[in-house]
Amino acid sequence: MNEIAPVTDQAPQAAAPEKAKPALPDAQTVTEVKHWTDRLFSFRVTRPASLRFRSGEFVMIGLMNDPDPKTGKVKPLLRAYSIASPSWDEEMEFYSIKVQDGPLTSRLQHIKVGDEIILRPKPVGTLVHDALLPGKRIWFFATGTGFAPFASLLREPQTYEDYDEVIITHTCREAGELTYGRDLIESLKTDELLNEVIGEGFWKKIKYYPTTTREESAKMGRITDLMRSGEAFADLGVPPLNPQSDRAMICGNLAFNLELKDLFENTYGLEEGANSKPAHFVVEKAFLD
């Protein structure tokens, strides 16, 4: 037989309060996380109500760093991340590499839905339509997670209002690293909202040119080599870039950026533009693959 506990006048003792976590500055909540490979993942977070940005821009995001061993103070650990979602999206999407010993990404890769990250609501960047002169054809050149700003611009109505053709080249080491971009481009075909807003079949303006440099795939090689040989232009059915009709944006590793910049200026006669002085091409200098 179970013992009957004696009735007393004492109220049940309250559990000791949990130690409150320090509040994150500029906190936003994670709403979705998707791991694409063992090196790549994307995630979505809530969007600050007051945040306005142009598709193609980036913001500083991060987590709180470990306490300083000397002072005990905790400071934010922030990095520049291109916004992968378009300017009209109610949430914000980011596409990230995983670096096992990276100060931020070694921790950021473990975030889960419901967690919070720091998002500084001050967007900046050069990969915006305002930095380019009017043209017929827009080229997006990306390596690795440099695809992120183009994920935004490919879902931006102005891209299709301003240009007759949209060419996106994406070079990665392995075929699996192309999945995020390929799936996003494929999803545009059935995106009812974009097909309604931009126009039915807008996605037919896109020419997608993925290449790999290490793993066997349908198209092997660095995009710069394929351009120099003329193979890329033959595959795409377009002439080499020229200042009259072509505009371009670059987002990749530093060596890639510099090589393409040199190619544009010295082979194709293109001039680098900026927000203050629009021209033929722009480079995202904040991105590091």
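In what follows, every heavy atom counts, from backbone to side chain, and hydrogens, waters and symmetry copies are set aside. Numbers here simply count residues along the sequence, with the first being 1. It should be emphasised that the depicted structure is a prediction, and the values quoted were computed from it without experimental measurement.
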(message) If you take the centroid of each ring, where Trp contributes its six-membered ring, are Phe147 and Tyr95 closer together than 6.0 Å?
(response) no
(request) Just do the side-chain contact (heavy atoms from CB on, under 4.5 Å) check on His170 and Ile185 with the steps written out, would you? (result) CA-CA 12 Å; His170 191 198; Ile185 291 169; over 6 Å; no
(message) Could you walk me through whether Leu154 and Thr159 satisfy the side-chain contact (heavy atoms from CB on, under 4.5 Å) test, starting with their C-alpha distance in whole Å, then the side-chain angles of each, then the deciding distance to 0.1 Å, before giving a yes or no?
(response) CA-CA 7 Å; Leu154 285 167; Thr159 301; 5.7 Å; no
(message) Show, in sequence, the C-alpha distance, side-chain angles and deciding distance for Ile61 and Val45, and conclude whether the side-chain contact (heavy atoms from CB on, under 4.5 Å) test is met.
(response) CA-CA 11 Å; Ile61 67 171; Val45 302; over 6 Å; no
(request) Determine whether the aromatic ring centres of Phe281 and Phe141 lie less than 6.0 Å apart. (result) no
(message) Looking at every non-hydrogen atom in both residues, tell me the closest pair between Thr211 and Gly221 and how far apart they are.
(response) OG1-O, 2.9 Å
(message) Would a single hydrophobic cluster contain both Tyr180 and Ile206, if residues Ile, Leu, Val, Met, Phe, Trp and Tyr are joined by side-chain heavy-atom contacts under 4.5 Å?
(response) yes
(request) May I ask you to say whether Asp26 pairs ionically with Arg120, meaning some side-chain N is under 4.0 Å from a carboxylate O? (result) yes
(request) Kindly determine whether Phe256 and Ile223 satisfy side-chain contact (heavy atoms from CB on, under 4.5 Å), including the steps that lead there. (result) CA-CA 9 Å; Phe256 174 78; Ile223 185 63; 3.4 Å; yes
(request) Check the hydrophobic clustering (I, L, V, M, F, W, Y; side-chain heavy atoms under 4.5 Å; chains of links allowed) and say if Ile168 and Leu132 are grouped together. (result) yes
(message) Between Lys219 and Glu231 (salt bridge meaning N to carboxylate O under 4.0 Å), is one present in this structure?
(response) yes
(request) Locate the shortest heavy-atom distance separating Phe41 from Lys98; write the atom from each residue and the value. (result) CD2-CG, 3.6 Å
(request) State plainly whether the residues Arg155 and Asp89 are in salt-bridge range, i.e. N to O under 4.0 Å. (result) no
(message) With a 4.5 Å cut-off on side-chain heavy atoms, are Asp115 and Phe43 touching?
(response) no
(message) Can you tell me if Arg228 has over 12 outside heavy atoms packed within less than 6.0 Å of its CZ?
(response) yes
(request) Calculate, to the nearest 0.5 Å, the distance between atoms CZ and CE belonging to Arg44 and Met92 respectively. (result) 10.0 Å
(request) List, by chain and number, the other hydrophobic cluster members for Val113, where Ile, Leu, Val, Met, Phe, Trp and Tyr join if side-chain heavy atoms come within less than 4.5 Å, directly or indirectly. (result) none
(message) Just so I know, are the side chains of Lys34 and Glu93 near enough to count as touching, which here means a heavy-atom distance under 4.5 Å?
(response) no
(message) If I compare all heavy atoms of Pro149 with all of Leu127, which pair ends up nearest, and what's the gap?
(response) CG-CD1, 3.6 Å
(message) Is it true that Ser87 and Glu156 share a donor-acceptor pair across their side chains at a distance under 3.5 Å?
(response) yes
(request) Using a strict cut-off of less than 4.0 Å between a Lys/Arg side-chain nitrogen and an Asp/Glu carboxylate oxygen, indicate whether Glu265 and Lys261 qualify as a salt bridge. (result) yes
(message) Taking Asp225 first and then Arg222, would you say they form a salt bridge - that is, a charged N and a carboxylate O separated by under 4.0 Å?
(response) yes
(request) Kindly indicate whether the side chain of Trp88, heavy atoms from C-beta on, has any atom under 4.5 Å from the side chain of Leu193. (result) yes
